[in-house]
**Q** 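If you scroll down you'll find the structure; I have some questions about it.
Atoms within each ligand, like the ligands themselves, are counted from 1 in listed order.
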Amino acid sequence: MEEKEISSNFIEAEINKDIANHVYENNRVLTRFPPEPNGYLHIGHVKSICLNFGLGEKYKGATNVRFDDTNPTKENVEYVNSILEDIRWLGFTWKEPVHYASDYFPELYECACRLIKKGLAYVDDQTSEEIRNTRGDFSHPGKESPWRNRSIEENLKLFQEMKEGKYKDGEKVLRAKIDMAAPNVVMRDPVIYRILHATHHRTGDTWCIYPLYDFAHPLSDAIEGITHSICTLEFEERRPLYNWCLQAFESKEKPRQIEFARLNVSTMITSKRKLRKMVESGVVSGWDDPRMPTICGIRRRGYTPESLRHFCELIGVAKSDNTVDIAFLEYCIREDLKAKVPRIMTVIDPIKVVLTNYPENKTEELVIENNPEDESMGSRQVTFSRNIYIEREDFMETPVKKFFRMTPGKEVRLKGAYIVRCDEVVKNDDDSIKEIHCTVDFDTRSGTPGADRKVKGTLHWVSADTAVDVDIRIYDYLISPDDTEDGKDFMEKINTHSLTVFEGKAEAAIKDYQVGDRFQFLRKGYFIIDKDSTKEKLVCNQIVGLRDTWAKLQNKK
Ligand code: ATP
Ligand code: MG
């Protein structure tokens, strides 16, 4: 088969140009993925990871992982480890070793001193509020700080004193000396170092001044020899500052910043800050709650790395912000699992059916294929017996139009078994259904000659004799797919009824599977065995439903 050409995008076009112009030695390509270890990665980061590592692979270059750990108050090792695990799980390999912006604190400090010596940075005594208030705006120039024209010697001395811990948090900052009237507000003497008496998860108490992202990032790129520094669109206006900072680092090759649009997916929140709030407020069970759009949540939900990578490939790289419909991600996981996983029968919300003409002590072992799309997956034996379970929603006492499932007086086929006719509904005192009585047509056993009499519905079922109890988690979206930006706080929009747990009945074959195994529950969707399973009780998460034509029909009405 011909290999599918990976869609070429505008970032590749830029890299191709650099290659044509021999901008980097040996036309090397080195990208990086630079997460801040202040939370767990989410679906948006998947896009960034696939893009950066994808380019590294495509151009036979490499990709660094660099933790942007310049804010010690919010960062920790738990996040570092989870991020590395997520990248590995997605199937990418970074160039060793793992890098940290904090590795470069000494160099960054030297670079800042160099800027001061060039007259390109100064220590400002204004408070952060004063600095903000004198920045001006789009239509007004900023106001120069009274400390802007300190001598180089004084600046060097003060900066060193900042480093030595002589001042309190916020008492002084180091600012780049660019232009307070620059049309781009970003260029109005941005702060590049601040005082923060906080213990850093790697450097401990060695430092009490920390570089800001805008300064640390370009220099870290330069130190590592990154060629293409790919980031999201909100950094576009900061690109001049990125390039400005590079002059503090006198390397012959300069990294290039290229921006692309963030990935947004309907129903999914892609902000670590908001996700943390959800975890802390307890609306979800943790970062890896299967409803969460975090990579660990998506993984636990049962998505495969292949499906996520394929998703990112299909949506491509955009230059303007947009939102991808969650249905598209769901399509990708269905496509991936369709031929890959076995199918078994599980009744999620059971009602009991008694087959009144089937002998009490008789059982039969029926042979059912594991995946009709792939014969090589073989078949299994499924026990059939007098007492079985079917799905509650597969029965209607007074059927509506076009309901072709079980209903009094009508026939349906039990998958892989017989055609049965529903004779009677037995009720409890409160009028709820106790059990349904049916009779079997013994001439219709699947696979036997002449059995192929046409009936409209085929139902999945489980023998009550051999059924395995399983808790089944069915999920709804945390945020409604047709949510509009109405200014409401996101916490108010969260669907607190997005998890329903059913006490289901699975066929015995489920006992052959382990935590992390996936399958299709026939007619119900794709599921994975969750880590909450115990010896006594299996727990399954619904990964995604099948396309439900019945529900669609209902919605149309
Ligand atoms: P958040 O707002 O969730 O904290 P962030 O951009 O601050 O996101 P970082 O850890 O700094 O998170 O991001 C690491 C990399 O991932 C950056 O290069 C960033 O541009 C990229 N990234 C983050 N969110 C998205 C997204 N939604 N789509 C594409 N790339 C993203
Ligand atoms: Mg960030």
**Q** Taking the ring centre of each residue, are Phe260 and Phe235 less than 6.0 Å apart?
**A**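 No - the distance between ring centres of Phe260 and Phe235 does not fall below the 6.0 Å cut-off.
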**Q** Does any part of the side chain of Val279, heavy atoms only, come nearer than 4.5 Å to the side chain of Met292, both counted from C-beta?
**A**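 Yes, side chains in contact.
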**Q** For ligand 1, which atoms sit closer than 4.0 Å to a heavy atom of Thr232?
**A**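 Answer for ligand 1: 20 (O), 29 (C), 30 (N), 31 (C).
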**Q** Any ion pair linking Arg150 and Asp125 (charged N to carboxylate O, less than 4.0 Å)?
**A**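 Salt bridge present between Asp125 and Arg150.
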**Q** With heavy atoms under 4.0 Å as the rule, classify the contact between Phe235 and ligand 1 as side chain, backbone, both or neither.
**A**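 It is neither; nothing of Phe235 touches ligand 1.
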**Q** Checking the N or O distance criterion of under 3.5 Å, is ligand 1 in contact with Asn264?
**A**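 No, no N or O pair falls under 3.5 Å.
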**Q** Below the 3.5 angstrom mark, is there an N/O of Lys272, backbone or side chain, next to an N/O of ligand 1?
**A**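 In this structure, Lys272 places an N or O atom under 3.5 Å from an N or O of ligand 1.
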**Q** Give the atoms of ligand 1, by number and element, whose distance to some non-hydrogen atom of Pro35 is under 4.0 Å.
**A**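 Selected atoms, number and element: 10 (O), 14 (C).
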**Q** What orientation do Tyr193 and Tyr109 show, parallel under 30°, tilted 30 to 60°, or perpendicular over 60°?
**A**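 Rings of Tyr193 and Tyr109: perpendicular, as their planes differ by over 60°.
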**Q** Is it true that, when you exclude Lys340 itself, more than 12 heavy atoms of the residues, nucleotides or ligands shown sit nearer than 6.0 Å to its NZ?
**A**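 Yes.
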**Q** Find all atoms of ligand 1 within a distance of less than 4.0 Å from any non-hydrogen atom belonging to Phe260, and give their numbers and elements.
**A**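 Every atom of ligand 1 under 4.0 Å from some heavy atom of Phe260: 29 (C), 30 (N).
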**Q** Ser271 heavy atoms, cut-off 4.0 Å: which ligand 1 atoms fall inside?
**A**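 Near Ser271, the atoms of ligand 1 are 3 (O).
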**Q** Salt bridge check, Arg256 against Asp18: does any charged N sit closer than 4.0 Å to a carboxylate O?
**A**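 The answer is yes: the pair qualifies as a salt bridge.
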**Q** With heavy atoms of Leu263 as the reference, note each atom of ligand 1 found under 4.0 Å away.
**A**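 Result: 26 (C), 27 (N), 28 (N), 29 (C).
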**Q** One residue to check: His42. Relative to ligand 1, which of side chain, backbone, both or neither has a non-hydrogen atom less than 4.0 Å away?
**A**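 Looking at His42 and ligand 1, just side chain atoms fall under 4.0 Å.
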**Q** Which of the listed options, Arg262, Glu36, His45, holds the heavy atom that is closest to atom 2 (O) of ligand 1?
**A**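 Looking at heavy atoms only, Arg262 sits closest to atom 2 (O) of ligand 1.
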**Q** Parallel, tilted or perpendicular: which fits the ring planes of Phe328 and Tyr331, with parallel below 30° and perpendicular above 60°?
**A**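 Taking Tyr331 first and then Phe328, their aromatic rings lie parallel (interplane angle under 30°).
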